[in-house]
Amino acid sequence: MNEMTKIDIAVVGGGIAGLMVAYEVTRQFPDLHTFVFEKEKFLGDHTSSRNSGVVHSGLYYTKNSLKHRLCLEGNRLWEKLSRDLEITFRRCGKFIFCSNDLEQATLEQLKVLAEQNSVEGVRWATSAEMAGLKAFVAIKNAIFVPSSGIIDVPAAMSALEREIINHDGNILKSNFISRVSQHQQGFLLETRDGPILSRALVNTAGLWSVSLGQQLWQNGLDDYYVKGNYLRYSGDFYRTSFIYPCPLPHLKGLGIHSTFDIAGQVKFGPNTEDVKAIDYSIDLNSLEQMKSEIVRYYPSVGLNKLSPDYCGIRSKIKLNGQLFQDFWIKGQKETNIPNYVEVCGYESPGLTASPAMARSVVKMLGI
Ligand SMILES: Cc1cc2nc3c(=O)[nH]c(=O)nc-3n(C[C@H](O)[C@H](O)[C@H](O)COP(=O)(O)OP(=O)(O)OC[C@H]3O[C@@H](n4cnc5c(N)ncnc54)[C@H](O)[C@@H]3O)c2cc1C
């Protein structure tokens with residue numbers, strides 16, 4: 001690019017959020033010059049390749065929060081999107097179980113919450129299902145959530161990349177945006193290839209979106225990183241549906257759950273570990289704690305068949321020092337900056353929500 005190349009839309013961050021936004025923009029506005037900038041050599045190198053790959057149901061979130069609404073809509077949209085993108089999406093459902101009377105009350109509340117949150121089909125596990133689960137789980141009772149599923153995340157990102165390019169969008173990898181600032185005609189971006197001018201800007205920089213946004217306005221946010229580690233399991237385990245414990249109030253995540261990927265590989269996790277830096281090394285002490293929790297919930301698990309897998313970092317945020325529980329998706333109304341949308345605190349269920357989030361961001365951009 002030469003000095004002061006002009007484009008229409010710059011999307012900073014080539015994770016699932018940025019790719020989904022660019023997919024939506026290039027389909028709706030094929031004549032606009034859309035560019036995705038990704039600082040790494042590969043797309044989705046951070047959180048988008050370090051998650052459970054679960055399409056969530058929308059069950060746990062505060063009614064009408066962005067997490068609730070976008071998760072519910074995203075869950076529905078993945079059905080068609082997976083067909084359009086020709087990727088695997090399996091609605092395997094999930095069990096949420098309790099192990100004692102105290103947790104039973106939480107489970108009952110969760111079932112009510114599911115109805116209030118319009119999550120369809122949630123029911124108590126049948127006796128046949130309970131018998132199947134008892135071989136693996138310290139279980140007293142369980143509810144079944146049929147709308148949870150699994151998608152092939154790497155395949156989804158490759159397909160989005162292909163579609164963006166097919167619709168004349170541009171994806172620039174290894175291209176770090178070192179600075180953004182407002183300009184009379186939009187935004188000035190310092191790229192690897194020199195400055196460029198973009199009419200609109202979408203900040204989907206994941207773990208770096210708070211600091212990127214602060215180059216444009218005082219959003220009042222602080223990053224709060226919580227790492228989640230996974231252990232893979234080579235033994236025999238239940239693979240029909242996911243298995244989650246009751247999300248008890250003291251947990252920062254959903255509790256150590258068992259999921260499997262598209263290939264059927266079972267994993268346990270993620271746990272929660274507060275961290276100060278973006279560092280994907282795995283603390284073995286943290287894994288030991290995890291193992292003791294696994295044995296408590298899933299007594300059939302052989303510890304010698306558990307091995308360290310990978311970890312991801314949740315992009316939680318604090319607003320004026322207090323944990324902000326929802327997605328932070330802000331446009332001109334809040335920032336007073338035309339044609340700018342920022343997406344921060346985009347933690348779970350961000351993968352699930354991404355098709356719905358992208359539609360909403362495109363509307364907010366006002367292009
Ligand atoms: C442990 C864990 C488990 C999870 N499990 C689930 C799940 O099962 N289901 C679910 O729905 N969600 C889940 N999530 C959440 C989901 O993974 C995230 O919401 C989603 O991946 C966030 O995508 P993103 O594009 O915002 O971030 P990222 O994938 O991190 O992408 C942001 C990109 O921006 C790039 N970037 C940053 N700054 C710049 C810059 N200045 N210039 C250029 N590029 C830049 C980065 O390199 C990065 O690639 C999980 C998250 C974690 C941590």
Side-chain angles (χ1 to χ4, degrees), residues 10-22 35-58 60-61 66-67 70-72 74-75 78 94 148-151 153-154 156-157 160 171-180 189-192 201-213 215 225-230 242 244 252-254 256-257 259-261 267 269-273 275 278 280 309-317 327-329 342-358 361:
V11 178
V12 182
I16 195 77
L19 292 177
M20 206 59 93
V21 169
F35 282 70
V36 177
F37 295 90
E38 169 52 55
K39 66 185 172 64
E40 306 295 346
K41 259 198 245 163
F42 303 102
L43 298 174
D45 214 23
H46 290 277
T47 314
S48 297
S49 56
R50 297 171 165 278
N51 54 53
S52 306
V54 173
V55 173
H56 287 299
S57 63
Y60 301 102
Y61 315 109
L66 283 177
K67 281 187 180 173
L70 297 179
C71 182
L72 214 59
N75 179 302
W78 271 111
K94 81 171 177 187
S148 297
I150 181 96
I151 48 160
V153 186
M157 284 191 290
L160 288 171
I171 299 180
L172 303 184
K173 298 174 197 169
S174 302
N175 207 319
F176 174 58
I177 302 299
S178 55
R179 173 113 213 106
V180 290
L189 279 77
E190 294 298 334
T191 79
R192 179 194 60 193
L201 175 65
V202 181
N203 171 0
T204 42
L207 295 161
W208 294 267
S209 58
V210 168
S211 50
L212 190 80
Q215 295 181 26
Y225 301 144
V226 179
K227 191 183 273 190
N229 299 288
Y230 291 87
F242 305 140
Y244 283 58
K252 263 192 215 128
L254 297 178
I256 308 290
H257 41 274
T259 58
F260 39 83
D261 60 21
K267 54 189 184 290
N271 67 349
T272 55
E273 183 193 338
V275 290
I278 300 166
Y280 298 116
D309 204 348
Y310 60 95
C311 67
I313 298 177
R314 299 171 179 88
S315 53
K316 290 183 180 289
I317 46 172
F327 293 148
W328 173 276
I329 303 179
E342 76 180 15
V343 179
C344 301
Y346 199 62
E347 55 164 342
S348 192
L351 172 67
T352 310
S354 57
M357 175 278 297
V361 164

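Ligands are counted one by one from 1 in listed order, and the atoms in each one are counted from 1 as well.
Listed by chain and residue number, N229, S286 satisfy the side-chain hydrogen bond (donor to acceptor under 3.5 Å, both in side chains) test with N271 (two or more places apart in sequence, or in another chain). For Y280, the side chain to side chain contact (heavy atoms under 4.5 Å, CB included) criterion is met by H46, R50, L207, I278, C311, I313, not counting sequence neighbours. Qualifying salt bridge (Lys or Arg N to Asp or Glu O under 4.0 Å) partners for K67, counting only residues two or more places apart in sequence or in other chains: E347.
A distance-only check finds no donor-acceptor pair linking the side chain of S315 to the backbone of G206 [under 3.5 Å]. For E190 (side chain) and S178 (main-chain N/O), no donor-acceptor pair under 3.5 Å exists by modelled atom type.
Around ligand 1 you find V12, G13, G14, G15, I16, A17, F37, E38, K39, E40, H46, T47, S48, R50, N51, S52, G53, V54, H56, N175, F176, I177, T204, A205, G206, W208, Y230, P270, G312, I313, R314, Y346, E347, S348, P349, G350, L351, T352, each with a heavy-atom distance below 4.0 Å.
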Given S354 and Y346, is the side-chain hydrogen bond (donor to acceptor under 3.5 Å, both in side chains) satisfied, shown in steps?
CA-CA 10 Å; S354 57; Y346 199 62; 4.9 Å; no

